[in-house]
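First comes the structure, then the notes that go with it.
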Amino acid sequence: YENIALQNVRSNQHQIGVHVDASAVLTNLSLTDCQLNICGNGLLIEIGAVVNGLTITGGNMDGNNFGLSVAANNTADNSNALKNVNITGTSFLNNTYFGLLFNAGQDIVLDGITVSGNGTATPTAAGVYFTWRMGTYSNITLRNSVITNNATNPGITLGGGVLVRPRANATVSGVLL
């Protein structure tokens, strides 16, 4: 499927606000000024989904378990699961585990986002967590953003504002924070 656009959508108090299913193959998914709040996941991209072109502009993913969650397979190459991501002017506030969780993804630009109050319920927590699984990833940029007050629970042993932690069999290059 190509050129799917959600504009000014409010999807609150669900298990998943917006769900990209494991069998989905999408080119150019855009969310503009959407409110995906008080859900299990604000936006979930499942293991097996392929998204080439994700643009999120404005809006918020607040008060969820996970704001944005990109899942990945531990035993297969995930290099092509998520490419060409631009997230601009979006807030990720007060999500229980992570504001943004990337288990896969390359060619990612996070620009002018606000990430605060995330990661209060797990020993590993962060505002933005890059934990790439099996695959090759490059060109990751985080700029002009406010990252504050994440992973502040005293029980958290690994985490913070931005956590970069590639896993086994993941190769990463070109990370600019």
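Position 1 is the first residue of the sequence; numbering continues from there. Reckoned from all heavy atoms, side chains included, excluding hydrogens, waters and symmetry mates.
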Is it the case that the side chain of [X] and the backbone of [Y] share a donor-acceptor pair, with hydrogens and angles ignored and the cut-off at 3.5 Å?
X	Y	answer
Thr171	Thr136	no
Thr32	Gln7	no
Ser145	Gly112	yes
Thr96	Asn65	no

Find the distance between [atom1] ([X]) and [atom2] ([Y]) and round it off to the nearest 0.5 Å.
X	Y	atom1	atom2	answer
Arg133	Asn169	CZ	CG	11.5 Å
Phe98	Asn150	CZ	CG	11.0 Å
Ser116	Asn94	OG	CG	6.5 Å
Gln35	Ser11	CD	OG	10.5 Å
Asn64	His14	CG	NE2	11.0 Å

Check your understanding: Can you list every pair that meets salt bridge (Lys or Arg N to Asp or Glu O under 4.0 Å) and has a residue in residues 66-87, with sequence neighbours left out?
Key ->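 Every candidate salt bridge (Lys or Arg N to Asp or Glu O under 4.0 Å) pair involving residues 66-87 fails, so no pair, neighbours aside, qualifies.
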Exercise for review: Kindly state each residue pair satisfying salt bridge (Lys or Arg N to Asp or Glu O under 4.0 Å) with at least one member in residues 85-110, sequence neighbours excluded.
Suggested key: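 As it turns out, there is no salt bridge (Lys or Arg N to Asp or Glu O under 4.0 Å) pair with a partner in residues 85-110 once direct neighbours are skipped.
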State, yes or no, whether a side-chain contact exists between [X] and [Y] at a heavy-atom distance under 4.5 Å.
X	Y	answer
Val9	Leu31	no
Leu177	Val162	yes
Leu29	Tyr1	no
Ile108	Asn139	no
Phe130	Ile140	yes
Leu158	Ile156	no
Leu44	Glu46	yes
Arg167	Thr131	yes

Review point. Residues two or more places apart in sequence or in another chain: which of them pass salt bridge (Lys or Arg N to Asp or Glu O under 4.0 Å) with Arg143?
Key: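 Applying salt bridge (Lys or Arg N to Asp or Glu O under 4.0 Å) to Arg143 gives Asp111.
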Practice item. Apply salt bridge (Lys or Arg N to Asp or Glu O under 4.0 Å) to Asp33 and list each qualifying residue two or more places apart in sequence or on a separate chain. Key: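 Expected list: none.
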Review point. When Asn118 is tested against each of Asn149, Asn95, Thr152 for side-chain hydrogen bond (donor to acceptor under 3.5 Å, both in side chains), which residue passes?
Key: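 That would be Asn95.
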When you group the ILVMFWY residues by side-chain heavy-atom contacts below 4.5 Å and let the links chain together, are [Y] and [X] in the same group?
X	Y	value
Leu163	Val115	no
Tyr129	Ile113	no
Leu142	Phe102	yes
Val70	Val18	yes
Val20	Phe66	no

**Study point:** Taking every non-hydrogen atom, the tightest pair across Gly159 and Ala151
**Key:**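 Taking every non-hydrogen atom into account, C-CB, 4.2 Å.
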Review point. What are the two closest heavy atoms between Tyr137 and Gly105, and how far apart are they?
Key: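 Residues Tyr137 and Gly105, closest heavy atoms: CD2-O, 3.3 Å.
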Check your understanding: Have Asn78 and Asn73 got a donor and an acceptor in their side chains that come within less than 3.5 Å?
Key ->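 Side chains of Asn78 and Asn73: no pair found under 3.5 Å.
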Check your understanding: Run the side-chain contact (heavy atoms from CB on, under 4.5 Å) check on Arg10 and Cys34 step by step: do they pass?
Key -> CA-CA 6 Å; Arg10 180 179 294 177; Cys34 293; over 6 Å; no
Let me have the donor-acceptor pairs involving side chains of residues 36-43, under 3.5 Å, with sequence neighbours excluded, atom names and distances please.
| residue | atom | partner | partner atom | Å |
| --- | --- | --- | --- | --- |
| Asn37 | OD1 | Asp62 | N | 2.7 |
| Asn37 | ND2 | Asn60 | OD1 | 2.8 |

Review point. side-chain contact (heavy atoms from CB on, under 4.5 Å) between Leu68 and Phe92: does it pass, once the steps are laid out?
Key: CA-CA 8 Å; Leu68 165 64; Phe92 300 86; 4.1 Å; yes
Validation: residues 49-59 side-chain donor-acceptor distances under 3.5 Å, sequence neighbours left out:
| residue | atom | partner | partner atom | Å |
| --- | --- | --- | --- | --- |
| Asn52 | OD1 | Asn84 | ND2 | 2.6 |

